[in-house]
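Whatever order the structure lists them in is the order used to number ligands and atoms, beginning at 1.
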Amino acid sequence: MPVALLDWYDRHRRILPWRALPGKTVDPYHTWISEIMLQQTTVGAVGPYFHKFITRWPTIEALAKAPLGRILEMWAGLGYYRRAHLLHACAKKLVHDHGGIFPHTESELRALPGFGPYTAAAVAAIAFDQKANVVDGNVERVVARLFAEKTPLPRVKEKLRALAATLLPDARFGDYAQALMDLGATICTPRKPKCSLCPLTRLCRAHALGEEEQLPVRLVSKAKPVRRAIAFFVMDNNERVLLRRRAAGGLLGGMMEIPTTKWDEQDLPSLAAAKKQAPVKANWKLVPGTVRHVFSHFTLELAVAGASVEAQPAGKQEKWVTFNRLRNEALPSVMRKIVHHAQGAL
Ligand code: SF4
């Protein structure tokens with residue numbers, strides 16, 4: 001199988017901004033940044049962020065010296081902000097403990113901040129051509145189909161990893177890892193896999209059984225809980241919006257936010273009750289409609305209260321930001337949705 005897959009890869013590999021072209025040397029820094037950004041995020045969404053990042057911080061040293069706040073601003077909109085914190089911590093550790101150079105082996109990489117089993121295997125294989133079993137969701141799907149594995153995910157994860165390990169080639173480990181990723185992304189897609197174009201058709205049990213569209217089997221996941229809150233969008237007479245910095249630990253840690261009441265699995269509080277948690281005294285009015293945002297473990301439903309006030313000093317962890325400059329702030333996507341929802345109504 002590896003030969004057929006590698007031959008296919010040589011002809012059909014995707015050209016991606018973080019990948020070395022054939023015959024060129026891989027830059028481990030680019031591999032690492034892209035692999036962190038690609039966790040839970042699509043190639044299309046990552047492209048512009050990757051470009052901005054490596055333009056602003058072209059080396060590990062530059063990234064290590066950057067203030068965390070600037071990194072979070074650059075990361076705003078990409079989601080899963082803990083990745084940005086760990087990226088920064090990892091750059092600092094690499095400079096401090098490794099002279100700014102990545103270690104090459106999977107086990108050494110695992111010791112770095114933000115390196116789980118997948119990322120360590122991917123960077124070891126792609127950047128250093130180490131023999132590593134690189135298994136993400138795409139690869140799980142391909143392997144489940146190749147072996148017609150019907151035990152549902154996530155229970156079957158370990159078995160799929162073990163099966164993937166049996167397919168590893170004896171050389172070209174980085175190309176092989178990327179070939180499987182490309183196959184999963186472009187041919188062996190979740191719906192309507194393009195088996196007629198696949199280099200592995202003859203080896204694929206699911207295809208032989210006509211079951212490729214039914215695999216992999218997934219346990220139906222439980223509905224996510226819904227948390228609710230009221231967001232306070234307030235603008236002063238200089239067209240400045242009040243933002244607050246979130247606590248460093250936890251969800252969206254260190255990012256800026258439109259102040260809200262506590263996110264709770266209760267019914268929405270009344271505006272009269274919620275005003276006690278408002279950042280300023282004002283004549284708050286509810287904006288019609290709600291904002292919904294889906295996080296990995298819960299859905300957030302927000303009502304938005306809007307108000308206009310006279311210019312006044314910001315409190316601790318707060319700042320007034322000119323409306324037109326909001327795009328420069330480390331505002332996560334959910335906060336940008338609130339701004340968008342509120343602005344039409346004020
Ligand atoms: S033959 Fe079809 S189902 Fe099997 S690996 Fe190829 S694309 Fe996927």
Side-chain angles (χ1 to χ4, degrees), residues 1-22 31 34-35 38-47 106 116-126 129-221:
M1 169 193 143
V3 176
L5 187 61
L6 285 164
D7 283 351
W8 173 83
Y9 182 67
D10 288 338
R11 281 176 282 124
H12 299 291
R13 65 166 66 192
R14 289 178 296 173
I15 306 293
L16 299 172
W18 43 87
R19 268 192 191 168
L21 290 169
T31 306
S34 66
E35 284 300 334
L38 285 164
Q39 291 165 13
Q40 321 279 349
T41 313
T42 61
V43 165
V46 164
E106 217 178 322
Y118 168 78
T119 309
V123 173
I126 297 169
D129 208 27
Q130 298 274 314
K131 187 168 188 172
N133 191 18
V134 185
V135 182
D136 66 358
N138 278 333
V139 175
E140 282 176 351
R141 180 172 62 254
V142 175
V143 174
R145 287 172 175 172
L146 284 174
F147 290 89
E149 177 54 59
K150 290 178 186 148
T151 312
L153 279 165
R155 208 184 321 140
V156 76
K157 265 179 181 292
E158 272 316 303
K159 182 169 182 193
L160 294 178
R161 270 188 71 74
L163 290 171
T166 66
L167 302 173
L168 288 174
D170 297 321
R172 297 188 63 188
F173 304 114
D175 284 347
Y176 177 78
Q178 292 173 100
L180 259 188
M181 289 173 185
D182 283 13
L183 191 82
T186 64
I187 301 286
C188 196
T189 45
R191 298 211 184 120
K192 296 196 188 333
K194 303 172 190 69
C195 300
S196 60
L197 302 176
C198 178
L200 309 179
T201 314
R202 282 192 298 140
L203 305 167
C204 180
R205 288 193 207 153
H207 181 64
L209 296 167
E211 292 179 347
E212 57 269 25
E213 295 226 35
Q214 282 86 60
L215 297 175
V217 179
R218 282 176 200 283
L219 286 178
V220 181
S221 48

### Query
When you measure from atom 3 (S) of ligand 1 to every protein heavy atom, which one gives the shortest distance, and what is it?
Glu212 CB, 3.5 Å
### Query
Nearest protein heavy atom to atom 8 (Fe) of ligand 1, by residue and atom, and its distance?
Cys188 SG, 2.4 Å
### Message
I need the single residue from Cys198, Pro193, Cys188 that forms a side chain to side chain contact (heavy atoms under 4.5 Å, CB included) with Glu212. Which is it?
### Response
Pro193
### Query
What atoms of ligand 1 come within less than 4.0 Å of a heavy atom belonging to Thr201?
1 (S)
## Note on the structure
In this structure, atom 4 (Fe) of ligand 1 is nearest to the protein heavy atom Cys204 SG, 2.3 Å
#### Entry: Of Val142, Leu203, Asp182, Leu183, the residue whose pairing with Leu5 passes side chain to side chain contact (heavy atoms under 4.5 Å, CB included)
Leu183
### Query
Within Cys195, is some N, O or S atom less than 2.8 Å away from atom 2 (Fe) of ligand 1?
yes
#### Entry: Residue pair Trp8 / Leu197, side-chain heavy-atom distance below 4.5 Å
no
### Query
Is Lys194 atom NZ crowded by more than 12 heavy atoms from other residues, nucleotides or ligands, each under 6.0 Å away?
yes
### Message
Ignoring hydrogens, what is the shortest heavy-atom contact between Lys159 and Glu149? Give both atom names and the distance.
### Response
NZ-OE1, 2.8 Å
### Task
Report the nearest protein non-hydrogen atom to atom 6 (Fe) of ligand 1: residue, atom name, distance rounded to 0.1 Å.
Cys198 SG, 2.4 Å
